[in-house]
Amino acid sequence: MLLFAIAAAASPLAPVYLTCSLAQDVGVLRVQIALDEANQSSTVALPSGLTITRPALFSPTMVRIANKNDTWTIDRVTLGIRRTFSFQPKDDPGQSGSCQLQTVPAKRAF
């Protein structure tokens, strides 16, 4: 029984798909995010059509997606999201909002 529990804990997780809304000065920014914990990666699709794939850091309660320009932080418990920019002052809260899990159809073509 213990061997099964260890094997289950080590097995790769399926990707997770989120739809997120962040408040910004000119309205709401809606983004699609795919998180692949097994490969420590993420893809963020912006409304402009730009798609960004970056490494992601996964902890039990948070996912952090960062590069030199901005950092996305997603709370794995509340599904809250925050985006901060490297050029902002440290006390600037950046953009914040919430995400919803997207259901993957049980039967799909690929």
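In this chain, residues are counted from 1 in sequence order.
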Minimum heavy-atom distance I81-S21, with the two atoms named: CG2-O, 4.4 Å
Between CZ on residue R30 and CG on residue L46, distance to nearest 0.5 Å: 14.0 Å
Nearest-0.5 Å distance, CG of residue L35 to SG of residue C99: 8.5 Å
Min side-chain heavy-atom separation Q24-L22 under 4.5 Å: no
Same cluster (ILVMFWY, side-chain, under 4.5 Å), L79 and W72: yes
Exceeds 12 heavy-atom contacts within 6.0 angstrom, atom CD of Q100: no
Under 3.5 Å, which donor-acceptor pairs link side chains of residues 56-67 to any protein atom two or more places apart or in another chain?
unit_1 : atom_1 : unit_2 : atom_2 : d
S59    : OG     : T61    : N      : 3.3
S59    : OG     : M62    : N      : 2.9
S59    : OG     : M62    : O      : 3.2
N67    : OD1    : N69    : N      : 2.8
N67    : OD1    : D70    : N      : 3.0

Donor-acceptor side-chain pairing of T19 and Q102 below 3.5 angstrom: yes
S42 side chain to R54 backbone, donor-acceptor under 3.5 Å: yes
Same cluster (ILVMFWY, side-chain, under 4.5 Å), V77 and I33: no
Given L101, D36, I74, V104, the one that forms side-chain contact (heavy atoms from CB on, under 4.5 Å) with V16: L101
Test side-chain hydrogen bond (donor to acceptor under 3.5 Å, both in side chains) applied to T43 - qualifying residues, sequence neighbours left out: T53
pair T51-V44: side-chain heavy atoms closer than 4.5 Å: no
R82 side, atom CZ; T71 side, atom OG1 - distance, nearest 0.5 Å: 9.0 Å
